[in-house]
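Presented below is the structure to which this report refers.
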Amino acid sequence: MFIEKIKTDGLSHLSYLVGAGGKAAVIDPRRDCDLYVEMAAARGCRITHVFETHRHEDIISGAPVLKEMTGAAVFHGPDTDGEVVYAETVREGDEFEFGSLLIKVLQTPGHTFDSVSYAVYDKDFGDKAVGVFTGDALFVGDVGRTDFYPDRAEEVAGLLHDSLQKILSLGDQAIVYPAHGAGSVCGDNMADREFSTLGYERKYNPMLQHENKQAFIEKKLNEYHDRPPYFRLMEKLNLEGAGPAKRILTPAPLDAETFLRRKEEASVVDVRGIADYLGAHVKGSFAIPSDMIPAFAGWLLDPDKDLLLIASGAAEAETAARHLARIGYDRVCGYLSPAMTGWAAQGRDFETTPAIDADAVAERVTKDDADWRLLDVRKVTEVAEGVVPGATPVFLGDLPDRLGDLDRNAHYTTMCASGARATIAASILQRAGFSKVDVFLGSMGAWRAAGREVVDLENGAAGEN
């Protein structure tokens, strides 16, 4: 009997290969799923079952792809928001055996109505669950978000509370196998580790410490979560079943002339590090560093439009394309090669974006220049902990839709927690025609490190650093 975890970086998605007796099952597979077949073969097993814990919002399911590759049956919970055309329905109490391994289904709605968990038993050793695949119901250090049904918010929060009690009833010995880890948009406060037990979570998970069900519901109702627009595409594809990702994801290298010709009909995405982008970039390009694609591509890019990449090389272009494919962006048509050095050497136009430090921002705050704006693009929950005096908060994901509210003649400095999201924001402004833009490099981290004043935005009071 074995259980192996597969982590998808960027999305912090966790899937699992589990098996015994020559048969294996995959829990919540991602779209690029050749590795599951390879891992099962290395174990001397054939994949016969694929189990989904719920309809994923943040990643394309690989279940229909694995079904096509292996002939495995796919199983999904009941009460879906539409028909999952590639799956059979499982319900409370259904059982599946793989040699000494037994999997039992628990219906655990709340995060979504179709959420199920899969308890794992070793028939050769005791009658208590060895572990449980909790999907997005229970995480390490947190529980699932319940904001996908705003018209039924109190109901679904209550459902999640009851589902968590059902999961905990499996016993403190059971190992927790969630579908996401720290950094996922499916929860805000997950622990930065991927191992735990129900006993540990029962004692230390903050969301399991509420004195009663109503207190839990109130806490969930007062949470705030961002919901990227690409989630709607994931919902659609994970009902209909998306096709496989390209077998070869490395985009074609394009010379400057070809790149320039094709960029008129495409979105240009600079996936290099922020320092590279600030130093020199192609005019009109988005700055989305490769490791930030899972978090922000779904806010900023059109999945129906061709994409051209600017990368430091083929490996970085491939990584970016893989991140994009996992969330439904399949139209990556090539990358600039050589990158900006070759582009500039041919006399092609490029832009730079100035970066400033905490001292420069403090000087501008003190001068109270009517022409200058400090744009804080952090999340609502971060802004609630304090802002630089005079800063205007506009969440990065909302910025493209808020451009009409901004003064195009003003001078904008963008900031976040460190400067990475601020650089993405600066690229949005520059490609929209804002001519006076710079980035507060270090951002709130540098501001606090310098011991400078932080203001409570709600009441205007200064806070301690």
Side-chain angles (χ1 to χ4, degrees), residues 10 31-32 60 228-230 233 237 242-353 397 399-401 403 423-435 437:
R31 188 185 188 192
D32 48 322
I60 293 178
Y230 89 96
L233 175 62
L237 292 177
K246 297 177 183 177
R247 296 300 294 270
I248 299 175
L249 282 167
T250 304
L254 304 177
D255 59 38
E257 184 176 340
T258 305
F259 189 92
L260 187 62
R261 185 172 64 250
R262 299 195 66 173
K263 85 182 266 288
E264 299 306 316
E265 302 298 326
S267 293
V268 179
V269 187
D270 194 323
V271 301
R272 300 173 300 155
I274 63 170
D276 292 320
Y277 178 88
L278 294 172
H281 57 264
V282 173
K283 186 175 182 179
S285 58
F286 284 106
I288 312 180
S290 180
D291 61 348
M292 299 180 75
I293 283 173
F296 293 106
W299 287 99
L300 306 177
L301 305 179
D302 182 350
D304 295 322
K305 192 169 184 178
D306 290 346
L307 301 177
L308 295 175
L309 307 183
I310 298 174
S312 58
E316 188 172 65
E318 191 274 343
T319 298
R322 188 171 297 278
H323 283 316
L324 288 163
R326 287 170 178 163
I327 57 174
Y329 290 84
D330 292 330
R331 297 180 62 169
V332 179
C333 298
Y335 74 99
L336 181 62
S337 178
M340 289 308 301
T341 52
W343 182 269
Q346 295 181 27
R348 309 283 182 179
D349 289 340
F350 64 89
E351 285 185 325
T352 62
T353 305
L399 183 56
D401 293 331
L403 293 175
T423 301
I424 299 175
S427 76
I428 295 170
L429 294 175
Q430 286 186 299
R431 71 188 303 274
F434 288 75
S435 59
V437 179

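Position 1 is the first residue of the sequence; numbering continues from there.
Between the side chain of R322 and the backbone N or O of L249 there is no donor-acceptor pair closer than 3.5 Å. Between the side chain of W299 and the backbone N or O of Y230, no donor-acceptor pair lies under 3.5 Å. For R31 (side chain) and G243 (main-chain N/O), a donor-acceptor pair under 3.5 Å exists by modelled atom type.
Taken to the nearest 0.5 Å, the NZ atom of K283 stands 13.0 Å off from the CZ atom of F350. Between D276 atom CG and M340 atom CE the span is 10.0 Å, to the nearest 0.5 Å. Rounding to the nearest 0.5 angstrom, the gap separating the CG atom in L254 from the OH atom in Y335 is 9.0 Å. To the nearest 0.5 Å, the span separating CD1 on I288 from OG on S427 amounts to 7.0 Å. Distance check: Y277 OH to T352 OG1 gives 10.0 Å after rounding to the nearest 0.5 Å. A distance of 12.5 Å separates CD1 of I293 from CZ of F286, quoted to the nearest 0.5 Å.
Put simply, the side chain of T353 does not reach to within 4.5 Å of the side chain of T423, judged on heavy atoms. Inter-residue side-chain proximity for D302 and L307 is flagged as unmet; no heavy-atom pair is nearer than 4.5 Å. In this structure, L324 and L301 have side chains that are in contact, with non-hydrogen atoms separated by less than 4.5 Å. Proximity of P289 to I424: side-chain heavy atoms (C-beta onward) are separated by under 4.5 Å at one or more points. Under the 4.5 Å side-chain criterion, counting only non-hydrogen atoms from C-beta, E257 is not in contact with Q346.
The two residues G298 and P229 come nearest to each other via the heavy atoms O-CG, 3.3 Å. The two residues A242 and I60 come nearest to each other via the heavy atoms CB-CG2, 3.5 Å. A pairwise comparison of heavy atoms in A426 and V437 identifies CB-CG1, 3.7 Å as the closest pair. Contact detail for L300 and P400: the closest heavy-atom pair is CD2-CG, 3.6 Å. Looking at every heavy atom in both residues, A321 comes nearest to P251 through CB-CG, 4.1 Å. Taking both residues in full, the closest heavy atoms of L336 and A256 are given as CD1-CA, 3.9 Å, listed atom of the first, atom of the second, then distance.
Applying the salt bridge (Lys or Arg N to Asp or Glu O under 4.0 Å) test to every pair with at least one member in residues 331-340, sequence neighbours left out, gives these pairs: D306-R331. Applying the ring-ring contact (aromatic ring centres under 6.0 Å, His included) definition to pairs two or more places apart or across chains, none involves residues 308-330.
For S312, the side-chain hydrogen bond (donor to acceptor under 3.5 Å, both in side chains) test picks out E316, with sequence neighbours left out. A search for side-chain hydrogen bond (donor to acceptor under 3.5 Å, both in side chains) contacts involving R431 returns nothing, not counting sequence neighbours. By the side-chain hydrogen bond (donor to acceptor under 3.5 Å, both in side chains) test, D291 pairs with no residue at all, sequence neighbours left out.
A salt bridge between D330 and K246 is absent, with no side-chain N of the basic residue lying under 4.0 Å from a carboxylate O of the acidic one.
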In residues 258-265, what donor-acceptor pairs under 3.5 Å come from side-chain atoms, sequence neighbours left out?
from : atom 1 : to   : atom 2 : distance (Å)
T258 : OG1    : D255 : OD1    : 2.8

